[in-house]
Protein chains: 2
Amino acid sequence: MTALHDIPQVQEAPSLHRRILADITDKIVSGEWPPGHRIPFEYELSAQYGCSRMTVNKALSQLAKAGLIERRRRSGSFVSQPKSQAAILEIHDIKTEVQALGLPYRYKLLGRTMRRATAGDRERLGLAGPSPVIALACRHFAGARPFCHEDRVISLAAVPEAEGEAFQASAPGPWLVDRVPWSVAEHRIRASGADASIAALLDIEAGAPCLVVERRTWSAEAPVTHVRFTYAGDSHMLVARFTP
Amino acid sequence: MTALHDIPQVQEAPSLHRRILADITDKIVSGEWPPGHRIPFEYELSAQYGCSRMTVNKALSQLAKAGLIERRRRSGSFVSQPKSQAAILEIHDIKTEVQALGLPYRYKLLGRTMRRATAGDRERLGLAGPSPVIALACRHFAGARPFCHEDRVISLAAVPEAEGEAFQASAPGPWLVDRVPWSVAEHRIRASGADASIAALLDIEAGAPCLVVERRTWSAEAPVTHVRFTYAGDSHMLVARFTP
DNA sequence: TCGTTCGTTATGTATATACATATTGATGCC
DNA sequence: GGCATCAATATGTATATACATAACGAACGA
């Protein structure tokens with residue numbers, strides 16, 4: 001076999017294992033290799049590309065990790081059955097989002113309370129006992145109009161520094177991201193009618209459709225924060241893009 | 001250096017590069033290594049773990065691909081600044097979703113039209129010319145109650161077989177997934193008030209909040225289908241989970 | 001016929017090595 | 001001082017090799 005590092009590289013940018021990966025990905029998404037199809041063995045591909053098995057292995061391992069193929073010892077590698085579809089949903093900072101709309105951003109704190117966790121707080125955070133929390137309410141503005149209402153609880157056990165923070169100048173979201181490393185987040189997205197108080201705060205009619213995004217965040221098993229963002233239905237849209 | 005393949009493996013399951021990856025991930029998400037921190041060089045880690053540089057490289061490359069670290073030649077590898085948050089949103093089949101609620105699933109076609117793409121169709125699909133499309137409307141039921149309304153356009157250029165399909169027995173979603181390989185999908189999620197016809201079809205009040213999920217799918221640059229699912233606000237919720 | 005054993009096979013992991021390449025920091029020249 | 005040059009350095013990619021491991025299948029014995 002010709003050792004690739006012996007022959008001078010003429011031009012081309014992408015590395016060999018990337019090329020192999022791209023070729024196979026292409027065959028799969030084009031449908032040429034349908035789900036269940038057995039793709040060539042590593043040694044066959046290494047012969048075909050004139051490279052070592054390790055190089056092919058690198059490409060196939062990545063495909064397997066991405067879920068495009070499944071690998072079985074002794075049997076070979078197979079194109080996966082299409083899984084339940086998944087999409088990458090980017091959750092931007094609200095400030096960035098507003099500025100992306102070309103509007104000036106403003107943030108206003110509505111209230112800040114410190115208390116021992118109520119039953120509601122415990123459920124929102126997934127806390128066991130009545131440990132202290134900080135509850136915050138605020139509004140984010142796009143230009144003159146209210147863009148989003150934020151209702152948040154922070155566990156002081158996880159973020160003791162929050163006790164000394166007034167949250168007057170900067171919104172709690174960015175403040176937390178900068179300060180607390182987090183390991184898991186869970187999002188719930190639903191539509192809901194604005195109740196009287198939300199309607200007043202967002203300057204919309206009571207019962208008007210709103211997009212509600214809830215996020216719960218943990219850091220190493222310990223709950224950190226639960227937040228509920230409420231957007232007027234016509235002001236906001238989540239966009240997610242997925243490439244398999 | 002002791003060659004690892006010379007000494008007998010005593011026990012332990014996870015491979016070495018996984019352990020390295022897990023260790024570093026842990027240091028990052030725990031905050032011990034904050035954003036900007038320079039993580040040890042490959043040769044330092046290989047000395048520390050008593051393994052070859054290639055093994056460390058495998059772990060670090062994966063971390064870089066996952067976006068947890070950034071690698072710079074000559075400088076080393078650094079913990080990334082937290083990016084805009086992203087979450088994996090799983091989009092399930094509606095049938096599966098309904099059955100997960102423990103309710104019997106039923107599907108009913110409301111209408112099927114074949115036509116040259118109207119301006120609206122072209123915008124929905126991102127089509128250039130007035131090529132033929134099939135427009136479908138249907139309802140998905142959870143038990144006796146309507147669960148979701150589906151409004152779909154399929155480009156016949158991309159899926160000629162759709163012309164011969166009545167879509168009476170099975171919903172167009174699963175039918176397409178089985179037949180057409182797709183390369184990109186884009187989702188838009190928003191809240192919207194039910195208009196009169198949707199309200200009637202979903203058996204809710206006009207103006208009631210609904211969750212609207214739109215999906216556009218391409219296969220190798222060519223638009224395949226655009227679909228709009230409308231769920232009554234209280235019947236459905238999207239859940240996404242993210243671990244960095 | 002039913003298991004058990006065992007060899008074969010393809011993938012999984014790791015090593016040592018080699019050379020490419022981008023970038024930094026120091027060197028030396030004008 | 002400013003600028004081109006160059007060596008050192010850390011990562012990027014690839015190779016050949018080695019052995020482990022899971023799993024299938026055939027051979028074999030009760």
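The chains referred to below are lettered A, B, ... by the order of the sequence lines, with proteins before strands, and numbering in each begins at 1.
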Looking at residues at least two apart in the chain, or sitting in another chain, which of them share a side-chain contact (heavy atoms from CB on, under 4.5 Å) with Pro35(B)? Gln81(B), Pro82(B)
Looking at Glu42(B) and Arg71(B), is there a salt bridge between them, counting it only when a charged N and a carboxylate O are closer than 4.0 Å? yes
Atom CG of Asn57(B) and atom P of dA14(D) are separated, to the nearest Å, by 12 Å
Results of side chain to side chain donor-acceptor pair (under 3.5 Å) for Thr230(B) - residues two or more places apart only: none
Side chain of Ser15(A), heavy atoms from C-beta onward: which of dA14(D), dT24(C), dT15(D) has the nearest atom to it? dA14(D)
Of the listed nucleotides (dA10(C), dT11(D), dT15(D)), which one gets closest to any side-chain atom of Phe41(B)? dT11(D)
In plain terms, say whether Asp23(A) and Arg18(A) are close enough for a salt bridge, that is, a side-chain N and a carboxylate O under 4.0 Å apart. no
Distance check needed: dT21(D) P versus Leu16(B) CG, whole Å only. 14 Å
Take the protein atom NZ of Lys58(B) and the nucleotide atom P of dT15(C), then report the distance between them rounded to whole Å. 11 Å
Would you mind reading off the distance between Arg71(B) atom CZ and dT24(C) atom P, rounded to a whole angstrom? 16 Å
Nucleotide nearest Arg74(B) when distance is taken to its side chain, options dG25(C), dT11(D), dT15(D): dG25(C)
Measure from CD on Glu42(B) to P on dA14(C) and round the result to the nearest Å. 15 Å
Could you check how far OH of Tyr49(A) sits from C1' of dA14(D), rounded to whole Å? 16 Å
Closest listed nucleotide, where the reference is the side chain of Met54(B) and the choices are dA16(C), dT11(C), dA14(C): dA16(C)
For a quick check, tell me whether the side chain of Arg53(B) and the base of dG12(D) share a donor-acceptor pair closer than 3.5 Å. yes
Using heavy-atom distances to pick each residue's nearest nucleotide on DNA chain D, tell me which of Arg72(B) and Arg72(A) is more 5'. Arg72(B)
Measure CD/Glu70(A) against C1'/dT11(C) and give the value in whole Å, please. 14 Å
What is the nucleic acid contact for Arg18(B), judged by heavy atoms within less than 4.0 Å: base, sugar-phosphate only, or nothing? sugar-phosphate
Taking only side-chain N and O atoms of Ser77(A), does any of them lie within less than 4.0 angstrom of OP1 or OP2 on dA10(C)? no
Side chain to side chain donor-acceptor pair (under 3.5 Å) evaluation trace for Arg53(B) with Ser46(B): CA-CA 5 Å; Arg53(B) 184 171 79 89; Ser46(B) 72; over 6 Å; no
When Arg73(A) and Arg73(B) are each assigned the nearest nucleotide of DNA chain C, the 5'-most assignment goes to Arg73(A)
Return the value, rounded to whole Å, for the distance between atom OH of Tyr43(B) and atom P of dA8(D). 15 Å
Choose from dC24(D), dG12(C), dT15(D) the nucleotide whose nearest atom is closest to any side-chain atom of Ser75(A). dC24(D)
